[in-house]
Each structure stands twice: as C-alpha cells, then as structure tokens.
Amino acid sequence: MKYCSAPWNTIHITRSGLFPDSQAGVVSSCFCDAWQSKGENTRLGNKSLSEVFNNDWQKEFRSTIIDQSFKHCREDVCVDFHRMEEVDNFDHVPTGPTLPTTIQLQIDHNCNLKCKICRKDIIYSPKKNKEASAILRKLSQEYKEFEHRVNVHCDGSGDIFTSASYLEFFYDDNLPKCFMFNLQTNGNQLTKHMDLVIKLKDQLEMVEVSLDAGSADVYQEVRGGKLSIVTDGIRLLKQQGIEVWTQFVVQQKNCRDIEQYIKLCKDLGVDKICLQLMLKLPHMTYEWWQDNSVEMSTQDTEYLDSLLQEIKKDPQIEVSGGIEHLLKTKKVFQLHPN
C-alpha cells in the first residue's frame, strides 16, 4: 500500500486569480492546489484554520488515501505521487495535531519582475495587501502557543521582499517560535534585505530562489533582470550558512540552458537543484503556450529525455512529477486549456 501524509499535515492558501484585486484566502489540500483535482476546500474568511483543516471536505480527501483510490491525486503534476511511502497498514496515520504543520502560502502577487510564465504585466503596489495581511495575522494568532514545528512556505505567487504585508509580518518580533520558513524569491532583492534574512536565520529552513536560467543572456530573456544580482545574493546566503534551493521552470527558451544552470548552482554551493515543468495558466494565450512549452517541441522533449537520464542520477537534483509524466507519456494534461 502507498501512503501520502499531505492530507493530514499540509494546506495551501492562495488567491482566486492573478489580479491585484483577486480574493486571497482560497484553501485547498496538499502543498499545491494544482497537484489535486478535488479543487477548493473553502474560503478562509472569518473561519479558523483549525475548523477548515478538520472539516468534512478534508476528511473525504483523506479517505481517498486510506481506500487507495487516490481519486483526487494528479499523477501528471504531483511530485510526491511518484515517491509515496510503501506501508503495510495505516496504524501510523495521525489523529492530530488539529492544525497543519506544512503551509504553502500564495497570497500576494506583488513582484518587481513580470516573467511571462507568471503574469502579463508587472503587479506591484507599495501598500499592504489587506487580505494578505489579515491571513498572516490569523496565522500568527492561531499558532502563538502551538507546540509542533510548522514549515511555512511563502510566497509562490509573488516576491516576499516586494510585499509590504510580508515585510511587516517578518519584522514583527512576536512571530510564533514554531514557524520555520521557506522563503521563495526571485532573488533580485536578497542583498537589499539581507538584514531581514539574518534576523530570521534561526527560523529559516531554506531560501528557494527562482532562476530559470544558467547564463546571463537567457536570464535576461526569460526573467528580464540581471543574473549577477541574484547570484551575489545566493553567495551571501551561503556565507551565512543558509540552505539554498533553486528552481528552473523548463521552457523552449531555456531548455538548452539546463546544463549551464546545474553547473552554476554547483559552483554557488546550492544545496538542491530543482527542475519543473511549466504549467498552462489562464493568462497564457494558446499561441504563447505553443511557442514556449517544451511539450509542443519534439526536439526539446527528446533533448530533455536524453539529458534527464543522466542528471536524475545526481541526488542533488530534483525533477518534478510533471517532467516525469511528460517523458513517460509524451503528453501533459493542460491545467487550464483555452
């Protein structure tokens, strides 16, 4: 039998869409809402997180692990589906705690970049996002006396160092001691906010930097910035003894830069080097998707297949379930087809 602990310990809180006025507080199960097909649990609103995490929706999701149907799990996207634990029984299934111990937050789209895989235009405001701030305050209140370690991943939809809401949250001296943070960032403001990183150092699990390139010219093309600024920040993180992971979203424009990306990361002392597939998101036109997704290019798919046969042997490199599925079936389900 196979077992996945995510429905018992993990929750995802995100926004309803990629717009400045989209509603924050959409709750779903698993580390990423794209990894499962059950959809939205509820809107957080005035509900307590404990109430949401133990409602009938969540219990039904858990039952699909116990009965081994996995009917809500997306094999074509979920990373964990391909590495689930083998068990003899479910005697070890947790009955508590009543709050999730892994939280993925995607609640503030504020960012200093406008990468095409994420958005059409730049989304930025110097003001605090009221909904994001409310969610962060709720987490601080509910976990104030919590006795278990809680891994908080933030923010996969924007950049934390560009968010007035997150900066207020992180600079607060009353952050719950149980929180261990995974800071997700494009890295362009790492040097500027290194004081904050050092303040949080004892509560940092890692800093995860989105690179999407291994060379300056490819970085400029796919991200619109200077790679050297980001690598300077990574070097400072490593000098502080902070664990660093990097992410690379594979596209036609950067596919042939993967080997350079791996070399760069190893030279920088990166701890985990990750590769993931680009998902089809609502803001992408079909024409753009066709011109940029590797699954629309036979040559890129064949190159990726050949390359991954070698790099997958490296324990430092993590390949997403989406890439695994693409190379296994030569077909990827489009998350939001036009």
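- In the model, S215 has a side-chain atom that pairs as donor or acceptor with a side-chain atom of D257 under 3.5 Å.
- A heavy-atom distance below 4.5 Å is found between the side chains of M194 and L237.
- Ring orientation note: the planes of H92 and F90 are close to parallel, at an angle under 30° on the 30°/60° scale.
- Side chain of S306 to main chain of E302: no donor-acceptor pair is present (N/O by atom type, distance under 3.5 Å, no hydrogens or angles).
- With values rounded to the nearest 0.5 angstrom, N182 atom CG is found 9.0 Å from E243 atom CD.
- The main-chain N or O of I242 is found under 3.5 Å from a side-chain atom of K238 such that the two form a donor-acceptor pair.
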Yes or no on side chain to side chain contact (heavy atoms under 4.5 Å, CB included) for L99 and V150, after CA distance, side-chain angles and deciding distance? CA-CA 9 Å; L99 285 168; V150 181; over 6 Å; no
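- With respect to K263 and D267, a salt bridge is recorded, a charged nitrogen being found less than 4.0 Å from a carboxylate O.
- A distance-only check finds a donor-acceptor pair linking the side chain of T231 to the backbone of S228 [under 3.5 Å].
- Remark: side-chain polar atoms of N254 are paired, donor with acceptor, to backbone N or O of D212 under 3.5 angstrom.
- Using modelled atom types, one finds a donor on one side chain and an acceptor on the other under 3.5 Å when comparing T162 with Q189.
- Residues E85 and K2 are not paired through a salt bridge, judged by the lack of any N-O separation under 4.0 Å between the basic side chain and the carboxylate.
- In this structure the side chain of E142 reaches within 4.5 angstrom of the side chain of S48, judged on heavy atoms.
- Classification of the H153-F31 ring pair by plane angle, with boundaries at 30° and 60°, yields perpendicular.
- Side-chain contact between F70 and I65: present, with at least one pair of heavy atoms (C-beta onward) separated by less than 4.5 Å.
- Contact annotation: the side chain of L200 never approaches that of Y171 to less than 4.5 Å [non-hydrogen atoms, C-beta and beyond].
- What you find for Q247 and Q276 is that their closest heavy atoms are OE1-NE2, 2.8 Å.
- Nearest heavy-atom pair across A213 and Y261 is O-CD1, 3.5 Å.
- Using modelled atom types and a 3.5 Å distance limit, the side chains of K116 and Q251 yield no donor-acceptor pair.
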Steps toward salt bridge (charged side-chain N to carboxylate O under 4.0 Å, His left out) verdict (R43, E131): CA-CA 12 Å; R43 304 296 173 100; E131 291 182 335; over 6 Å; no
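- Around CG of N89, the count of heavy atoms belonging to other residues, nucleotides or ligands within 6.0 Å exceeds 12.
- Checking D305 against Q309 by side-chain atom types alone, a donor-acceptor pair falls below 3.5 Å.
- Note: F170 and Y166 have parallel aromatic rings, judged against thresholds of 30 and 60 degrees for the angle between ring planes.
- Remark: D159 CG to T185 OG1 distance equals 3.5 Å, nearest 0.5 Å.
- Under the 4.5 Å side-chain heavy-atom criterion for Ile, Leu, Val, Met, Phe, Trp and Tyr, L279 and F81 are members of distinct hydrophobic clusters.
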Could you please spell out the steps behind the side chain to side chain contact (heavy atoms under 4.5 Å, CB included) verdict for I273 and I311? CA-CA 10 Å; I273 304 167; I311 67 176; over 6 Å; no
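- When atom types are taken as modelled, the side chain of D155 and the backbone of I107 share a donor-acceptor pair closer than 3.5 angstrom.
- In K199, the NZ atom is crowded: over 12 heavy atoms of neighbouring residues, nucleotides or ligands sit closer than 6.0 Å.
- Geometrically, R223 does not engage F248 in a cation-pi contact, judged by NZ or CZ lying under 6.0 Å from the ring centre and within 45° of the ring axis.
- Within the 3.5 Å criterion, the main-chain N or O of L167 finds no donor-acceptor partner in the side chain of K128.
- Counting heavy atoms from C-beta outward, C32 and V77 have side chains that stay 4.5 Å or more apart.
- Looking at heavy atoms from C-beta onward, K272 lies out of side-chain contact with M206 at the 4.5 angstrom threshold.
- The CE atom of M278 sits 5.0 Å away from atom CE of M284, with the distance rounded to the nearest 0.5 Å.
- Taking CD of E86 as the start and CE of M84 as the end, the distance is 8.5 Å to the nearest 0.5 Å.
- Once rounded to the nearest 0.5 Å, the distance linking CG of D300 with OG of S293 reads 9.5 Å.
- Ring geometry for W8 versus Y3: interplanar angle of 30 to 60°, hence tilted.
- Under a 3.5 Å cut-off, the side chain of N292 and the backbone N or O of K253 do not form any donor-acceptor pair.
- The shortest distance between side-chain heavy atoms of E60 and D56 does not fall below 4.5 Å.
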Does the side chain to side chain contact (heavy atoms under 4.5 Å, CB included) test come out yes or no for L139 and L105, once each step is laid out? CA-CA 11 Å; L139 293 178; L105 297 175; 3.9 Å; yes
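- No donor-acceptor pair under 3.5 Å is formed between the side chain of S320 and the backbone N or O of V79.
- In this structure, a donor-acceptor pair under 3.5 Å is absent between the side chains of T191 and D232.
- Between the side chains of S29 and K38, no donor-acceptor pair of N or O atoms lies under 3.5 Å.
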Steps toward side chain to side chain contact (heavy atoms under 4.5 Å, CB included) verdict (L196, F161): CA-CA 9 Å; L196 176 57; F161 297 118; 4.1 Å; yes
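- A pairwise comparison of heavy atoms in S165 and N129 identifies OG-N, 2.9 Å as the closest pair.
- Counted by atom type alone, Q184 and S210 present zero donor-acceptor pairs between their side chains at under 3.5 Å.
- L236 and L190 fall within a single hydrophobic cluster, where Ile, Leu, Val, Met, Phe, Trp and Tyr side chains are chained together by heavy-atom contacts under 4.5 Å.
- Two different hydrophobic clusters hold L113 and V222 under the rule that ILVMFWY side chains link at heavy-atom gaps under 4.5 Å.
- Clustering ILVMFWY residues whenever any of their side-chain heavy atoms sit less than 4.5 angstrom apart, transitively, puts V218 in a cluster other than the one holding V209.
- Q203 contributes a side-chain N or O that, together with a main-chain N or O of F179, makes up a donor-acceptor pair within less than 3.5 Å.
- The minimum heavy-atom distance between D88 and M1, with the atom names listed, is O-CE, 2.8 Å.
- Around NZ of K201, the count of heavy atoms belonging to other residues, nucleotides or ligands within 6.0 Å exceeds 12.
- Put simply, the side chain of N110 gets close to the backbone of S125: a donor and an acceptor are under 3.5 Å apart.
- Side-chain contact between T101 and F146: present, with at least one pair of heavy atoms (C-beta onward) separated by less than 4.5 Å.
- To the nearest 0.5 Å, atom CG of residue L264 and atom CD1 of residue I234 are 7.0 Å apart.
- Checking each of V26, L49, I11 against L44 for a side chain to side chain contact (heavy atoms under 4.5 Å, CB included) leaves exactly one that passes, namely L49.
- Side-chain polar atoms of N112 and N186 form a donor-acceptor pair below 3.5 angstrom.
- A salt bridge is absent between K280 and E295: the closest approach of a Lys/Arg side-chain nitrogen to an acidic carboxylate oxygen does not fall below 4.0 angstrom.
- For the side chain to side chain contact (heavy atoms under 4.5 Å, CB included) with C30, the lone residue among H12, Q36, H72 that qualifies is Q36.
- The cluster map of Ile, Leu, Val, Met, Phe, Trp and Tyr, joined by side-chain heavy atoms under 4.5 Å apart, puts M180 and V152 in different clusters.
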